[in-house]
**Q** 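Below is the structure I would like to discuss, written out as structure tokens.
Order of appearance sets the numbers: ligands from 1, and atoms from 1 within every ligand. Just so it is clear, the structure is predicted and the values come from calculations on it, not from any experiment.
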Amino acid sequence: MSNLTKSYKQDKVTGNFDAIIIGSGLGGLTTAAFLAKEGKKVLVLEQHYTAGGFTHVFNRRGYEWDVGLHYIGEVNREQNDLTKMFKYVTDGNLKWAEMDPVYDKLFFGNEVYDFVAGPEEFKVELKKHFTASEDQEAIDKYVDLIYATQRSQKLYFAEKVLPVFLSNLFGNWMRKKALQQNKTTEEVLSGLTKNKKLIAVLTGQYGDYGLAPSKSSFMMHAMLVKHYMKGGNYPIGGASQIFETIAPVIQKTGGEIFTNAMVKEIIVKNNKAVGVRMIDGKEILAPIVVSNAGIVNTYKHLLPETERKEHNTDDMFKHVRPSVGHVCLYIGINKSNDELKLGKANYWIFPDNYDHDKNLDAFIANPDAELPVVYISFPSSKDPDWERRFPGKTTIEIISPAPFEWYQEWQDKRWKKRGAEYDALKEKFAQRLLETLYKKHPNLRGQIDFYEFSTPLSTQHFANYQYGELYGLDHTTERFNQKFLRVNTPVKNLFLTGQDVISCGIGGALFSGLLTAMAITKKNLLSRI
Ligand SMILES: Cc1cc2nc3c(=O)[nH]c(=O)nc-3n(C[C@H](O)[C@H](O)[C@H](O)COP(=O)(O)OP(=O)(O)OC[C@H]3O[C@@H](n4cnc5c(N)ncnc54)[C@H](O)[C@@H]3O)c2cc1C
């Protein structure tokens with residue numbers, strides 16, 4: 001990565017740029033790459049010491065882990081927009097490996113439900129568990145509804161790129177059809193079936209967007225389920241390949257990517273963004289500024305107070321809120337994937353009462369309650385290049401939700417120096433997650449060579465999400481009603497990109513990059529792909 005980035009601590013930013021992008025998450029990188037393809041010279045400023053946002057990886061003691069990419073759908077089919085977009089922004093250099101046909105395995109007590117790639121295969125497998133004719137009918141209707149809902153969203157998202165005057169004219173009409181399904185996931189599924197078990201299984205991937213069925217918008221649920229319906233994929237060479245293959249495209253037109261480059265403020269003159277001020281006070285000017293730092297950072301911290309007041313940005317936060325935080329246990333084992341045979345499928349492990357809402361509420365009220373969902377990923381098994389890069393080693397990641405408030409009291413202490421009480425809390429949770437893993441793979445007990453536990457403070461520290469939020473803004477019905485979650489802002493030449501514009505997920509972030517670049521260039525860049 002060294003020749004792809006410069007460090008703001010050591011190198012000076014020199015020369016002129018056509019645009020500055022705050023943050024090197026996938027939305028920022030994609031915006032930059034699309035602009036570079038249009039001949040623009042772009043400067044990407046990333047506060048972390050590694051570029052890539054949630055697609056970055058980190059290493060400890062000879063192991064490597066991804067942080068925010070465990071699987072992605074729809075990238076292995078030539079005709080799909082995501083496939084084409086990734087090809088375009090990486091000059092075709094990013095390669096994907098398909099997971100096995102079973103991409104997600106859901107455990108409710110002793111019952112195991114496999115999510116199998118392909119809508120027909122998905123239905124057939126589920127119907128083995130739900131044999132009553134009304135359940136089978138509900139499964140068919142559900143899959144049809146997922147596709148119909150997703151199709152209805154095209155105009156809704158296209159509206160996000162319109163200038164305000166056009167949005168005022170056509171916006172409501174463009175959003176209307178999609179918003180008909182902006183009900184809670186529970187409400188929509190209850191209209192299809194009264195079988196609570198079936199609803200719990202169909203919403204078993206809720207951890208992919210972070211909200212239980214009674215609180216999430218069905219718009220988000222449908223997007224997510226459809227995204228994985230034809231299976232999961234993993235980048236060959238690991239998640240860092242995303243940055244490594246996009247960065248050269250940005251550099252082709254003279255663009256640069258700086259790490260350790262924390263932007264403090266967006267400089268605005270006469271309601272026009274003209275550059276950024278760094279935390280060391282240095283000003284960098286450019287005619288276009290794009291924020292990939294999330295809505296909370298942008299509208300609460302980066303925009304100067306005068307503009308915040310003028311545009312009432314604080315009012316926006318009456319309608320949206322940060323998503324929940326998460327903990328993750330990163331595990332290294334000194335044995336190869338071949339020896340351990342863990343498989344590629346992700347595990348979703350739930351209590352056996354089939355009630356996600358109740359379980360999540362109980363856990364948030366009491367951290368000692370049963371873990372509402374434990375997600376286990378086996379990244380080294382998914383990457384066909386892993387054995388060449390890390391021979392004889394295996395990695396596992398275990399994730400569970402965790403409110404930021406549980407860890408908040410330590411937020412002002414330094415990373416790795418947060419004290420014995422914090423460390424003890426982490427260790428207690430780490431052991432709970434390990435025990436969950438051993439229940440599924442008893443042979444792993446005694447085999448763990450290394451583990452490290454991250455908390456929402458890690459997300460705050462490394463990704464600058466103020467509340468350690470896992471997925472940016474929560475995907476509630478109220479979120480999808482908001483018109484201000486768009487690429488244009490009330491400040492001229494200031495644009496937004498990233499997961500808060502469309503939705504969380506690699507696909508959402510990638511798509512936001514396309515829309516932002518379209519708004520900046522005023523060209524239909526879809527035709528390029
Ligand atoms: C644990 C976890 C697992 C996930 N798993 C999956 C998965 O399997 N599949 C999937 O599709 N999606 C997954 N996601 C979601 C996906 O990773 C994200 O939705 C997506 O990567 C977000 O991209 P983004 O463009 O919004 O930017 P982000 O990746 O959020 O990056 C924003 C960047 O801005 C930088 N920044 C912030 N403030 C400043 C500042 N002031 N100055 C400079 N830089 C700044 C941050 O450091 C960060 O690098 C996961 C996320 C998490 C957290």
**Q** Output yes when D280 and K9 qualify as a salt bridge under the 4.0 Å nitrogen-oxygen rule, no when they do not.
**A** no

**Q** May I ask you to decide whether E38 forms a salt bridge with R528, counting only side-chain N to carboxylate O separations under 4.0 Å?
**A** yes

**Q** Report the part of H227 in contact with ligand 1, treating N, CA, C, O as backbone and CB onward as side chain, heavy atoms under 4.0 Å; options are side chain, backbone, both, neither.
**A** neither

**Q** With heavy atoms only and a cut-off of under 4.0 Å, state how T459 meets ligand 1: side chain, backbone, both or neither.
**A** neither

**Q** Taking 4.0 Å as the limit for heavy-atom contacts, which would you say applies to I506 with ligand 1: side chain only, backbone only, both, or neither?
**A** both

**Q** Does atom OH of Y467 have more than 12 heavy-atom neighbours from other groups under 6.0 Å away?
**A** no

**Q** Considering N292, L302, T50 one by one, which has a heavy atom nearer to atom 32 (C) of ligand 1 than any of the others?
**A** N292

**Q** Mind checking whether L26 has a heavy atom under 4.0 Å from ligand 1?
**A** yes

**Q** Heavy atoms only, cut-off 4.0 Å: how does Y375 contact ligand 1, side chain, backbone, both, or neither?
**A** neither

**Q** Could you name the option among V67, I21, I266 that has the heavy atom nearest to atom 2 (C) of ligand 1?
**A** V67

**Q** Please determine if K41 and D18 form a salt bridge, counting it only when a charged side-chain N lies under 4.0 Å from a carboxylate O.
**A** no

**Q** So is F258 in contact with ligand 1, going by heavy-atom distances below 4.0 Å?
**A** no

